[in-house]
Amino acid sequence: MTAPVRVPLPQDLGRHFPGDALVRLEGVTKTFPARRGAAPFTALDGIDLAVRRGSVLGVIGRSGAGKSTLIRLVNGLERPTGGRVIVGEAEISRLPEAELRRERRGIGMIFQHFNLLSARTAAGNVALPLEVAGYDRAAIRARVNELLDLVGLTAQRDRYPAELSGGQKQRVGIARALATSPKVLLSDEATSALDPETTRSILDLLARINRELGLTILLITHEMSVIRAISHEVAVLDQGRIAESGDVFEVFTRPQAAITRTFLDHETGRALPPVLAERLRAGQPGEGDSAVLRITFRGPHATDPVLAQLVRDAGIVACILSGTVDEIAGKPFGTLVVSVDGHPEIVARTQGFLRERGLDAEFLGTLPADAWPAPRSETRHVA
Amino acid sequence: MSPEMLRLILQATGDTLTMVAIAAGLGTLFGLPLGVFLATSGRGELLAAPWLNRVLGTVVNATRSTPFIILVVAIIPFTRLIAGTSIGTAAACVPLTVAATPFIARLVEGAIREVDGGLVEAARAFGASPLQIVLKVLIPEALPGIVLGLTLAVVSLLGFSAMVGAVGGGGLGDLGIRYGYQRFMPEMMLAVVVVLIVLVQAVQTLGDRLARRLNKRLRHG
Ligand SMILES: Nc1ncnc2c1ncn2[C@@H]1O[C@H](COP(=O)(O)OP(=O)(O)O)[C@@H](O)[C@H]1O
Ligand SMILES: [Mg+2]
């Protein structure tokens, strides 16, 4: 017998080797029982989700989509009515309460409203999980100092939450969540109560913790910008089901589900300028109208001079209506919204031309002739 | 004011303070855990025991809705069992404690219910047991409210203690009735009222100050 050969595993092994998933939800369903006047409510329906060890997975969904319910299943604050929830070796969904408490020390959690004890200082709040876990005083002191240093709050250690800013409170929350050295951090809308600048700094801190401590993070949010800032993978939750999931760059640049597009539209670059959006009509263009297309430049094609090629090689004139170049998960990515002559043949040829070059050209709608002048292409009606 | 009157007033003030202190102390001893339990044992709550919660809640309500003077008379056998007698200052402590306990329990329950549920959620999330949550989260967070509740209870007990004169308990109320009313000494009545006012003011001021110091929700608390 020979020893098994160790082969380096591919980067995205999480999805192909679910064994390396630190958090796993398998066919998870959660139905809240009927209450007086209300029928039973299925908040989560057949959820399959895996968070790779060391990665950041963001779950995005509208209010009421079931995000909080989902994240609360992971540390057993809520029990599923069907399926399994596994964190590391433990099947959280089946553990009795006492064992669950011990497992929870390995699963940190931060909250939208911080949930700090008002009667304890920053240091006192961070110390609490350690007291609960039965550490001795000296160990608690040392660990608290270490954690406050990590989140940059050493100077504020003796302040009460009321004397801290929102961002500082969330830093205390993060330090508290990390106190018992968890392997997973759960974040329930941790930046939703913060201003954009503070959000940025908290997300940077989370990204740093992920990088430097190798902490696996499962976060939920209703903002694509949060996903984009720190997630490696994303799952889109809609009415208790996963509408779409995958690598962040893939999902951002090739959204499949309508709900994902809606979220992305709120991200800068995808939403049309109001002057255009007001004039855009659904449906196919007629004579004299123009067709509006969104070209997505991804990866190696992000810098191709395709509009020039379009004129030169196909004789089709495209007018630029709006455009951005951006970076997602460290990869360049651009969107260009253009109008072309609305003749069906021209539209089809434009899309074909771009597709051949590996670019997506999504038809967004029609600009009527009386609302916007259509670009004229010389090659009209020519084969 | 004669030295004799002064002696009587001092004696009565001492009796009142003793009765109130004992009743408030015992009332807190029983009422605090009872209040915590009432606040946390409803359906789906931390120490869920809905049935016991309902029973205790009913007992508390029944005690609280009985007028104090009727309570005093109604529990005379119980008072005799505990204190060995049903008259006098020591015996008066029994009905006072019986009245104070459910009152304090409800005030504590209210203060505990004021604590943000998010804190309990956070404590559960880092692995705290229900007992740890009660001791390390709920009671410390509710402390300013509990102190205000206890202040209110002490003030009420000062009033109640005046009534136990009716069953031979001593104290200021008794003095006021016996001398001020029955022997028609208005100056004694006035003195009793003034002492009670001063006591109530002092208790309220101390309680407010302590609650404010404990309340870290305000900046520079
Ligand atoms: N304890 C509960 N009992 C009944 N319904 C609940 C309960 N918790 C959540 N829900 C319902 O489940 C749905 C999802 O809730 P939640 O997970 O909080 O959504 P999100 O965090 O995405 O806004 C909502 O419609 C909510 O009303
Ligand atoms: Mg939520």
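Residue numbers begin at 1 in each chain, while the letters A, B, ... track the order of the sequences.
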Leading residue by heavy atom contact count with chain B [cutoff under 4.5 Å; candidates A:P129, A:A179, A:A119, A:A133]: A:P129

Residue A:L117 versus chain B: region with a heavy atom under 4.5 Å: both

From B:L119 atom CG to A:S118 atom OG, the distance as rounded to the nearest 0.5 Å: 7.5 Å

Closest contact, heavy atoms only, B:A125 versus A:R104: O-CB, 3.4 Å

Heavy atoms of other groups near B:E114 CD, more than 12 under 6.0 Å: no

Shortest non-hydrogen contact between A:E131 and B:K136, atoms and distance: OE1-NZ, 2.7 Å

Nearest atoms (heavy-atom pairs only) where A:V132 meets B:G127: CG1-O, 3.7 Å

Segment of A:R159 engaging chain B (4.5 angstrom heavy-atom cut-off): neither

From CA spacing to verdict: side chain to side chain contact (heavy atoms under 4.5 Å, CB included), A:R120, B:K216: CA-CA 8 Å; A:R120 280 183 177 237; B:K216 307 296 185 190; over 6 Å; no

Shortest non-hydrogen contact from B:A128 toward A:R101: O-CD, 3.4 Å

Spatial distance of atom CZ (B:F126) from atom CG (A:N75) [nearest 0.5 Å]: 12.0 Å

Engaged part of A:R72 at the chain B interface, taking heavy atoms whose separation is under 4.5 Å: side chain

Heavy-atom proximity to chain B below 4.5 Å, by part of A:L116: backbone

Within 6.0 Å of CZ in A:R79, more than 12 heavy atoms from elsewhere: yes

